[in-house]
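Note that the structure is predicted; figures quoted are calculated from it, not measured. Both ligands and their constituent atoms are indexed starting at 1 by order of listing.
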Amino acid sequence: MQSQLEQLKQAAIDALKTVTDNESLERLRVEVLGRKGKMADLMKQMATLADEERKLVGAAANEVKAAIEAAFGEAEGRAHEAQRAQRAQAEWIDVTEPAIGVRSGMGNLHPVTQVRESLEDLFVSMGFIVEDGPELESDHLNFTALNIPPTHPARDMQDTFYVDGHPDMVMRTQTSPVQIRGMRKYGAPLRLIAPGRVFRNEATDVRHEHTFHQLEGIVVDKGISFSHLKGVLETVAKHLYGADTQIRLRPKFYPFVEPGVNGEVTCFLCKGAGCRLCKKSGWLEVFGAGMVHPNVLREGGVDPDVYSGFAFGFGLTRLVMLKYGIDDIRHLEGGDLRFLKQF
Ligand code: DAH
C-alpha cells in the first residue's frame, strides 16, 4: 500500500511537470485528489487494514497528499506565469512606433500662410487690425463702391466667377472691398489689413491661376499724406527682403485711388544689378497703392473733407513665388504634398 502511495505521488509529480494550462491542471487535480480520484481510492482501501498498519499508512498518505498538493501549487504558479508571458507576447505594443497617419512626419504651414502670418505680425506691431471679408462678395462692394461702375473697362481685366440666380454677387476679384467694409464697420481713424483669397476667371498657365491670395491695407485719419504711404511700404519691403531694400513708386491708375502708384522693390536676388528674376531691370513690381479716392471714402461713410487715407494691395501668392523662386503658380493651390513639404 505504501508503495502504491509512493507510485501515486511520483506519477502525480511527473504529470504535473509538463502541465502548463489551467484546464489540464484541473483535470489532473480531479483525477488525483478528487472525491472519486486515485488518492480517495487508496484511502478507501485503508479501511481494510489492521489498526497498527493503518496508522503507518495513514501518516504516509498524509505526507503523500501534502507533497502532491505542494506540487500542484508549484504547477499552478508555473501555469500562471506561462499565461502571463503568453498574454504579454500577444498584447505587446511598440510605444515608439509612429502613429498611423503621421508616418510622414509633422505637417507644416502652407508657404502662403507662413508669409501671411509674418506680415500680419508686422502690421499688428504698427497698430493695424486684421480683418476678414467674404470670398463671395456683392458686385457693388467688389467693383462699384471702389469706383468701378458696371461699364468701367477695369472690370474686363478682373473677370470672375458668378453665382446662378444672383447677378449681384461675385467671387471677389480683389481684397479691396474690405476697405469699404472696414470703414463702415469701424469708421475713422482706421488702420486695417485684410489678407485673403481672391478669384479670377483666368485661363490658367504658369503665371495665371483662378485662385490666389492678396493682402490689402488701408489707413484713414486726419492729415494722412503720401509720405505715410511711402513709409509703410518701405517698412514692409525691408521686412520682406532685408534692410538694404529700397522702394520706387511710379504713377499707375487704379480707379479707387488718386493718385495711384505702382510700388517696386529692389530685386533681392541681384540687389538691383539686373538679373533673370527682375528681367534685367533691377526692380520687382510688388505693390499697388495710392491715396484713397474721395468717392471710396464716402462709400465707407467717411467725410473726405475731414479725413484722408492711403491704401495698398499686393499679391501674397506673388510674394511667395518670388521668395522661393517658384516658377509655376499652379503649384500653390495644387495640393501636391511633394511640393508643399518643401517649406
Ligand atoms: N486691388 C488691386 C488689384 O487687385 C491692388 C491694389 C492697388 C490695391 C492699389 C489697393 C490699391 O488698395 O490702392 O490689382
Side-chain angles (χ1 to χ4, degrees), residues 112 116 119 123 128-131 133-135 137-149 152-161 170-183 190-202 207-220 224-234 236-237 247-265 284-297 299-300 302 304 307-319 321 329:
V112 169
R116 173 171 58 73
L119 282 166
F123 279 107
F128 284 70
I129 57 172
V130 182
E131 185 73 1
E135 293 175 348
E137 182 56 281
S138 71
D139 176 281
H140 181 79
L141 288 186
N142 192 80
F143 292 122
T144 314
L146 291 165
N147 241 357
I148 315 173
H152 200 287
R155 288 199 176 209
D156 280 354
M157 292 189 301
Q158 299 193 9
D159 188 22
T160 182
F161 304 100
V170 301
M171 291 306 284
R172 66 174 179 189
T173 60
Q174 48 188 353
T175 41
S176 306
V178 190
Q179 290 185 23
I180 312 272
R181 288 179 173 274
M183 284 188 283
L190 180 68
R191 273 181 245 177
L192 171 150
I193 58 161
R197 276 205 299 189
V198 299
F199 310 85
R200 291 187 194 177
N201 182 13
E202 300 277 6
R207 271 180 295 135
H208 298 90
E209 175 63 291
H210 50 69
T211 301
F212 55 102
H213 294 251
Q214 288 188 338
L215 189 147
E216 190 81 17
I218 182 168
V219 170
V220 179
I224 292 293
S225 73
F226 207 86
S227 53
H228 295 116
L229 165 62
K230 197 173 171 209
V232 168
L233 292 186
E234 218 164 61
V236 175
I247 67 164
R248 163 168 103 167
L249 303 176
R250 299 197 293 177
K252 178 161 180 185
F253 175 75
Y254 293 102
F256 32 91
V257 283
E258 179 59 35
V261 293
N262 176 17
E264 295 172 314
V265 301
L284 293 169
E285 212 177 301
V286 181
F287 308 102
M291 301 307 291
V292 183
H293 196 286
N295 289 350
V296 174
L297 288 174
E299 275 287 347
V302 172
Y307 290 99
S308 56
F310 66 81
F312 56 88
F314 49 86
L316 278 178
T317 304
R318 179 170 154 72
L319 289 187
M321 290 179 72
I329 190 172

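When Ile180, Val178, Leu190 are each tested for a side chain to side chain contact (heavy atoms under 4.5 Å, CB included) with Ile218, only one passes: Leu190.
With respect to the salt-bridge test (charged N to carboxylate O, under 4.0 angstrom), the residues Glu137 and Arg181 qualify. Taking 4.0 Å as the cut-off between side-chain N and carboxylate O, Arg155 and Asp139 count as a salt-bridged pair.
Applying the side-chain hydrogen bond (donor to acceptor under 3.5 Å, both in side chains) test to every pair with at least one member in residues 308-318, sequence neighbours left out, gives no pairs at all.
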Could you walk me through whether Gln174 and Glu216 pass the side-chain hydrogen bond (donor to acceptor under 3.5 Å, both in side chains) check? CA-CA 8 Å; Gln174 48 188 353; Glu216 190 81 17; over 6 Å; no
Expected rows: ligand 1 N/O, protein N/O, dist below 3.5 Å:
| residue | atom | partner | partner atom | Å |
| --- | --- | --- | --- | --- |
| ligand 1 | 1 (N) | Gln174 | OE1 | 2.7 |
| ligand 1 | 1 (N) | Ser176 | OG | 3.0 |
| ligand 1 | 4 (O) | Arg200 | NH2 | 3.0 |
| ligand 1 | 4 (O) | Gln214 | NE2 | 2.8 |
| ligand 1 | 12 (O) | Gln179 | NE2 | 3.0 |
| ligand 1 | 12 (O) | Glu216 | OE2 | 2.6 |
| ligand 1 | 12 (O) | Phe312 | N | 3.3 |
| ligand 1 | 12 (O) | Phe312 | O | 3.3 |
| ligand 1 | 13 (O) | Ala311 | O | 3.2 |

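Note: Phe287 and Phe312 fail the aromatic proximity criterion, with ring centroids not under 6.0 Å apart.
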